[in-house]
Each structure stands twice: as C-alpha cells, then as structure tokens.
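Here the structure is laid out as structure tokens; the discussion comes afterwards.
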Amino acid sequence: KKVIFSGIQPSGDLTIGNYLGALKNWAALQDEYESYYCVVDLHALTVRQDSAELRARTLKNIAIYVASGLDPKKNTLFIQSHVPAHSEASWLLSCFCYMGELSRMTQFKDKSQKVGESVSSALFTYPVLMAADILLYNTDLVPVGSDQKQHIELARDLAIRFNNLYSPTFTIPEPYIGDTGARIMDLQEPDKKMSKSADNPNAYVLIMDPPDVIRRKISRAVTDDLGVVKYNESQPGISNLISILSTIAGKKPEDIEKEYDGIGYAKFKSDVAEALVEELQPLQNTVKQLLDDKPYMESIYKSGAEKASYVANKTLRKMQKKLGLIPR
Ligand code: TYM
C-alpha cells in the first residue's frame, strides 16, 4: 500500500478551509492508503501559545479527525510531540537545508511580517520539521491545501539531496491537492486565504461554529453587485461561495452556476449556509461525544504514537547510521 502523511497545526480553531482543503479529502483516501495523520503541536509552538489552550485544541483536533470520518483502526492518528524522532530527524535534515531555501518560503514571509519583531528561529526552520514529518514515514502522498505546496517541494528537495549524498533512503513525496476546496478564501477579504488566525471572526467559518453563527457569517460574506452566480476572477466572493458549495456537494463549479442561473444572492447564500450546517452538525455532535470519552481518546492517540514511533524510529536509525553517528 502507498503511504499518506498529513497534519494540521493546533494553533487555532479549525476552519472550513482546513476541512474542505484537507480533512474531507483525507477521509476519502483512507481505504486505498496506509495513512498517518498527525496533530503537529510542535509546529504550533513556533508562535506563542497559551499552554492550556494548546492542550485543549490538540485533543479537539484528534476528535475532529475522527469525526471527519477517519477511522482510528484504519489510520494512524497521533500527536507529533509523542514521537520524538520528528524533532531529531528535523535537526539532521536542517544540516542539509540552505538558509536561502528557507528564506524563499512565502508562508514564512507572510507569518514573520505578522509577528513583527519576535520572529522565532523555529518559525524560520519550520519547513524542515515538516519535511521530517513527511520523510520519516516513506510517504508517497501528502494531501494538503495549495498553500502547503512550496513546503512539500522543499521536503522533496531535501529527500533527493540526502539520497544523492548517501544512498537511497527516502521516498520522494508528492503533494495531493483537491480540484475544489484547495484554497478557501476569507469571507470578508476574498483575495486572502481563509485562516484560523484572522482577526475578524466574520472572515472565517469554524468547523465547530453553531448553525446560527454559520448562517450569520455566510449571509455577511462580501460579494459584489453583479447579481449573477458565476465562477470567475472578477467575482472572488461569489466564486469562493461556489467553491465551498461545490466541494461539499461534490459538484463542479459549472454545475452550481447552472443550478443558480437567474437566482439571486440571498437564496444562493442561504443554500450555502444550509449545506455547511448539514455537513458540519453531525461532525460537531461526534466531536462533543468523543471529547467526553477521555479513555477512548487516550487509546486512539496512544496506539497511534506507538505505531508511528515504530516506523519513524526505523527511518531515523537509517539516517543516523548513514550520517556516521555511532549506534548505541
Ligand atoms: P495548517 O495547520 O495551516 O493547515 C492544515 C491544512 O489545511 C489546509 N488549509 C486550507 N485549505 C484550503 N483553504 C484554506 N483556506 C486553508 N487553510 C488551511 C492546509 O493546506 C493544510 O493542508 N505546515 C502545515 C502543517 C504540517 C503538515 C506537515 C502538513 C506540518 N507537518 C506534514 C502536511 C504534512 C500547516 O501549517 O497547515
């Protein structure tokens, strides 16, 4: 079986961008692949976190993975910090990664601007840890939204570099980016990607937002005064709502356009909101149940960490040996 690895940072409450760009695809792939899905808590620490909130969000994310349809028996679900091999492999890979490569990462440029003065060095080396995540599992496929493509390219470059300098060690991973939903935009400024760290809560819909909040946020989404439901560059707000609806309904944007030919924005928006509510409500109920069942949650991430450690340590030992580190 081919191997999948992906992860989400517990750095804020997850949005429908995370769901439609990543999680929804993951659940669809689980029968065909051997899959590892990680809550990347170490990545979240690259910007300041409240400890109690980080703990709560890490567990909530595991629950959201399961509630999105990832069967913990079929997929290895785990917490990044539970598998120390990630940190170690990250150090080893950082010895092969150039400053110039990291300086070109657009996510670093964006995030470091936001943080201002206190940019941690970890925010800069973050993509190396992500490469370690991916490469430790001999990953073939990394299902993500389009914003992560550049990071996966770096992971590929590092893998190729290491393989050439030593001997074939890593599988070269490929990104897997869905046709729709790969880039859900901000509801208030539809030229920006929807982000869990936006300041204005009307800019995003959270996976856990209650139905009335979802309806309100979608009804307030910025559109235009053209009055036609069309998927094109001059209507970024409407196009984004079309993306959302088409990803949920599994339809092409053109099908949505046809369906809404001659129909106004109010009706269109209310249909988008209802589709979201219908999609998310069962998931939300499951998350709440799971979070009440501590022993079950614990059993999921503990057995996940055990399975992941086994594979990750094997790769790490290979790396160490090839690099000339003496086995204990
Ligand atoms: P993160 O936590 O920012 O986002 C998690 C996943 O959600 C996708 N995503 C979106 N997709 C569509 N539209 C959006 N507006 C949107 N916002 C986020 C992201 O593309 C991603 O797939 N560096 C990663 C986490 C990571 C990782 C990894 C991913 C760490 N190690 C190894 C894959 C493999 C990140 O910050 O994602």
Side-chain angles (χ1 to χ4, degrees), residues 3-26 29 35-47 49 54 57-58 61 64-65 68 78-81 83 86-87 89-90 93 102 105-108 110-111 114 122-123 125-137 139-156 158-159 173-198 203-207 236 239-240 243-244 246-248 308 312:
V3 177
I4 282 187
F5 185 99
S6 199
I8 301 183
Q9 293 192 64
S11 54
D13 289 324
L14 300 193
T15 70
I16 56 168
N18 301 124
Y19 179 71
L20 299 173
L23 280 162
K24 199 172 159 72
N25 287 330
W26 298 358
L29 295 166
S35 311
Y36 298 85
Y37 291 112
C38 186
V39 177
V40 293
D41 53 351
L42 298 175
H43 275 110
L45 289 176
T46 54
V47 297
Q49 301 292 334
L54 179 62
R57 278 200 305 259
T58 300
N61 282 15
I64 289 177
Y65 287 9
S68 302
F78 70 106
I79 297 168
Q80 189 184 31
S81 62
V83 184
H86 289 237
S87 308
S90 173
L93 289 171
L102 294 174
M105 294 291 133
T106 54
Q107 185 170 307
F108 173 72
D110 293 348
K111 280 200 183 173
K114 256 194 163 173
L123 192 64
T125 54
Y126 169 121
V128 184
L129 178 59
M130 177 161 163
D133 297 342
I134 296 169
L135 299 180
L136 279 173
Y137 298 89
T139 302
D140 295 287
L141 215 59
V142 189
V144 286
S146 58
D147 61 327
Q148 296 301 317
K149 207 173 160 210
Q150 198 186 23
H151 291 154
I152 297 170
E153 227 116 84
L154 179 74
R156 287 171 60 89
L158 293 177
E174 300 272 353
Y176 173 95
I177 294 166
D179 297 333
T180 58
R183 194 169 169 83
I184 300 297
M185 307 307 278
D186 185 297
L187 297 176
Q188 294 302 313
E189 297 172 70
D191 54 328
K192 292 198 316 201
K193 112 180 153 161
M194 183 182 285
S195 161
K196 45 180 143 35
S197 52
Y204 50 72
V205 172
L206 299 176
I207 292 180
S239 296
N240 188 38
S243 292
I244 292 171
S246 70
T247 312
I248 292 176

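Numbering of residues begins at 1 and proceeds along the displayed sequence. We count ligands from 1, going down the list as the structure has it; atoms in each ligand are counted the same way.
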Next item on the list: Answer yes when Lys192 and Glu189 have at least one side-chain N-carboxylate O distance shorter than 4.0 Å, and no when they do not.
Entry: yes
Next item on the list: Show the protein residues that qualify under the rule heavy atom under 4.0 Å from an atom of ligand 1, listing them in chain and number order.
Entry: Phe5, Ser6, Gly7, Ile8, Gln9, Gly17, Asn18, Gly21, Ala22, Val40, His43, Tyr126, Met130, Asp133, Ile134, Val142, Val144, Gly145, Asp147, Gln148, Gly181, Ala182, Arg183, Ile184, Lys193, Met194, Lys196
Notebook entry, point to check: So, do Gln107 and Tyr126 sit near enough that their side-chain heavy atoms are less than 4.5 Å apart?
Noted result: yes
Notebook entry, point to check: Once the angle between the rings of Tyr37 and Tyr65 is folded into 0 to 90°, is it parallel (under 30°), tilted (30 to 60°) or perpendicular (over 60°)?
Noted result: perpendicular
Margin query: Asp13: which residues meet the salt bridge (charged side-chain N to carboxylate O under 4.0 Å, His left out) condition with it, sequence neighbours left out?
Written below: Lys60
Item checked: Residues that Lys196 engages under salt bridge (charged side-chain N to carboxylate O under 4.0 Å, His left out), provided they are two or more places apart -> none
Listing, residues 173-183 side-chain donor-acceptor contacts under 3.5 Å, not counting sequence neighbours, or none:
residue: Thr180; atom: OG1; partner: Thr247; partner atom: OG1; Å: 3.1

